[in-house]
Amino acid sequence: MSYLEIDHVTKLFPAAEGGGEVCVFRDVNFKIEQGEFVTMVGHSGCGKSTLLNIIAGLERASGGGVVLEGREIRRPGMDRMVVFQNFSLMPWMTVFDNIRLAVRAAHPDWHRTNVDRFVQRYVDMVGLTGAERKRPAALSGGMRQRVGLARAFSTEPKVLLLDEPFAQIDALTRGVIQDELVRMWTASRSTVFMVTHDVDEAIVLSDRVAHEVHHHGVRDVLRAREAGLDEGEAGLHEHDEEAGEQGPHEVDRYAVVAREVGDLRQGGLARLLGRDVGDATGCRPGGIRLGRRRGRGRRRGGRRRGCGRSCGLVLGEYPPTDGQQACHDQGCEDPPRHRSLD
Amino acid sequence: MRRDRLRVIAVSALLGLAALVVWQAFAGGQPAGRGVPGPLAVAATAGHMLANPFYNNGPNDKGIGLQLAASLARLGVGWTVASVVAIMGGVALGLSPTLYRAVNPYVQVLKPVSPLAWMPLFLYTIKDSSQSAILVIFMSSLWPTLANTAFGVATIRRDYLNVAAILQLSWWRRLVTVILPAAAPAIVAGLRISIGSAWVAIVAAEMLIGGTGIGYFVWNEWNNLALTSVIFAILAIGLIGVLLDAGLSRLSRRLAYTE
Ligand SMILES: Nc1ncnc2c1ncn2[C@@H]1O[C@H](COP(=O)(O)OP(=O)(O)O)[C@@H](O)[C@H]1O
Ligand SMILES: [Mg+2]
């Protein structure tokens, strides 16, 4: 039993017009171990936020379920904190009060001075000392997201869910805050699931771990990266073999890259995560590409495949493919074309 | 910017002065005791009344300060109770789309009813004219706050409620730390409209019930044919209305937020 299991999750939304339902994704299936940092990449509108919200408990899956520590997730809870793309800070509260709201919720029995000291610690940690009394509107995007991170980390959640946390932050600041995220994650050792539309961001974060978190899995990460995603399954197999006993399960950050329609590698994620090869990754009408990517060079058009029976995640564009056909076979409607709610 | 303001003030003062001059000329051209009294006469009465605003010589002869205080007390009670009820109801309606749509037809029917139309019903049921007046104020302050609160709560951004849900706030904390502050600008806008229409309604209500209050005062002075007092009372009513609105406007600035 894994720590966090996304178990054949399917999401249908009522279609905008003419009744029926739209399948956002079907049978998404993967597992995350405790302390891991897993990133999922997909186009805007492909259902990343929806999946994340299901894990957060803010939305219900239409099929399948999410299991955390052996217990099914049905509603939001303090064990899973979300960092939102649009920060979602309470604009009528100061920076301090925003974080305090979370700390008080996490520790209802604490004395006020205790709470305040704890809040201050997180304010200092994200470098917002001196800005405690400001309202979010008076802060830059980068500073707001620091508040968002501080708020999330201050509750010491088991699982941290990051929904494109850096998308609205300028490139220079982004790097700094990504560093802060890595630092806080390293210190807290919580499990992180991040979604982003930015392949580079996923890679950058993965890279940094490889450089900064020194443990015996690093070599394998680098090796896998050299093999590269586009080498296809063979490359990953190769990696598996080379990794030998150490195996990739000791690697603790993954970028799950799902970009191109029809580019599905079933089981790829599972292999990356080093367990349960076979049924572990379901995906989509269209496609998902799984694996770590290497450097900046981006090769397109890897081998394409239909997704067969276990069709799931609508991650990506939507020209009809055999994958989508497979989806029809399962009685679910066309996925929407690139609509984004974010 | 400053020069603009000065210009506005100058034009405003000139217009006011011109109106006073025309009014005085018009009043002066009429035989004494028949036409409308001019501003000079009104000013004389005002000085007289303001010299001793709180005297009390029995039911038909009270200072204007006492009359205004009586009206404001009624307003305070009626409007406060109505506001509490309307905010609570509005929050419930705003949180539940089903309830909102179920209740909306009734609200739409009741909203256009003049609050004074309720007066006979109140007089008949509670048999107390003063409390009836308060209930009229209640009715006139209810709908704007109710509608605005429901709208404000219904349009709270999903994100804030999501955060509240993730933090598992109790419903009370959710109400006071998220829902009410988020909807506060809309609620205060409703409160402003409410207090305005309540202040409008109270004059008419007090004319009907008699006894005390600025509305009764106006009617009484009319019966005495003391038009200078009537005109001065009109000005006082207007001024108080401005002050009430200014107070709530300050509150609304305090509670406003930018996303
Ligand atoms: N409440 C909803 N009702 C109907 N369709 C929705 C709803 N929420 C999201 N969708 C659709 O589901 C798809 C996935 O949305 P989302 O998860 O926000 O994508 P992403 O976060 O990857 O950009 C989009 O095409 C969007 O239009
Ligand atoms: Mg999104």
Side-chain angles (χ1 to χ4, degrees), chain A residues 49-50 52-60 73-94 97-108 134-139 141 144 147-148 151-152 154-163 168 341-342, chain B residues 83 87-88 90-91 94-98 100-101 145 148-192 248-259:
Chain A
S49 297
T50 306
L52 193 119
N53 285 344
I54 289 173
I55 301 177
L58 294 169
E59 215 151 337
R60 292 292 291 268
I73 287 169
R74 298 194 163 276
R75 53 177 61 92
M78 295 293 296
D79 50 355
R80 287 153 283 134
M81 278 302 289
V82 184
V83 176
F84 297 92
Q85 174 178 359
N86 55 10
F87 321 125
S88 292
L89 303 173
M90 309 291 175
W92 54 87
M93 288 185 189
T94 62
D97 288 344
N98 264 289
I99 302 174
R100 183 160 65 187
L101 183 70
V103 174
R104 279 190 62 179
H107 305 283
K134 288 193 175 153
R135 298 237 188 136
L139 303 178
R144 284 187 223 180
V147 182
R151 177 173 70 183
S154 70
T155 64
E156 300 174 315
K158 290 176 181 164
V159 179
L160 203 60
L161 301 165
L162 308 174
D163 189 355
Q168 291 194 27
L341 284 191
D342 48 29
Chain B
S83 298
I87 289 173
M88 290 194 316
V91 168
L95 288 179
S96 160
T98 313
Y100 186 95
R101 286 171 54 192
T145 306
N148 267 45
T149 306
F151 174 79
V153 171
T155 53
I156 292 179
R157 276 182 47 188
R158 189 81 232 149
D159 303 332
Y160 307 145
L161 298 176
N162 280 347
V163 171
I166 289 171
L167 294 177
Q168 296 192 299
L169 302 181
S170 63
W171 76 264
W172 172 251
R173 281 191 62 75
R174 186 176 309 214
L175 183 72
V176 296
T177 58
V178 180
I179 293 171
L180 289 180
I187 295 175
V188 176
L191 291 177
R192 274 177 84 171
L248 282 173
S249 148
R250 278 185 66 165
L251 180 66
S252 107
R253 271 197 304 267
R254 280 260 313 273
L255 296 176
Y257 58 83
T258 31
E259 290 190 351

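Predicted, not measured: the structure shown is a model, and the values here were computed from it. A, B, ... follow the sequence lines: proteins, then strands. Residue 1 opens every chain.
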So which atom in Ile187(B) and which in Leu180(B) form the shortest heavy-atom distance, rounded to 0.1 Å? CD1-CD2, 4.0 Å

Name the option with the most non-hydrogen atom pairs under 4.5 Å to chain B; the candidates are Met78(A), Arg75(A), Arg151(A). Met78(A)

Honestly, the part of Arg173(B) sitting under 4.5 Å from a heavy atom of chain A is side chain

Considering only heavy atoms and a distance below 4.5 Å, find which of Leu167(B), Val163(B), Asp159(B) pairs most often with chain A. Leu167(B)

Under 4.5 Å from any heavy atom of chain B - which part of Leu101(A): both

Would you find more than 12 non-hydrogen atoms of other residues, nucleotides or ligands less than 6.0 Å from Arg192(B) atom CZ? yes

Region of Leu169(B) that comes under 4.5 Å of a non-hydrogen atom in chain A: side chain

For Thr177(B), is there any backbone N or O sitting under 3.5 Å from a side-chain donor or acceptor partner on Trp92(A)? yes

Would you say that more than 12 heavy atoms from the other residues, nucleotides or ligands in this model lie under 6.0 Å from the OH of Tyr257(B), or not? yes

Within the side chain of Asn148(B), is there an N or O that forms a donor-acceptor pair under 3.5 Å with the backbone of Ala186(B)? yes

Whatever's closer than 4.5 Å to a heavy atom in chain B on Arg80(A) counts as backbone

N/O donor-acceptor pair under 3.5 Å between Gln85(A) side chain and Gln168(A) backbone: no

Do you know which of Asn86(A), Asp79(A), Thr155(A), Leu89(A) has the most heavy-atom pairs under 4.5 Å to chain B? Asn86(A)

Side chain, backbone, both or neither: which part of Ala184(B) has an atom under 4.5 Å from a heavy atom of chain A? neither

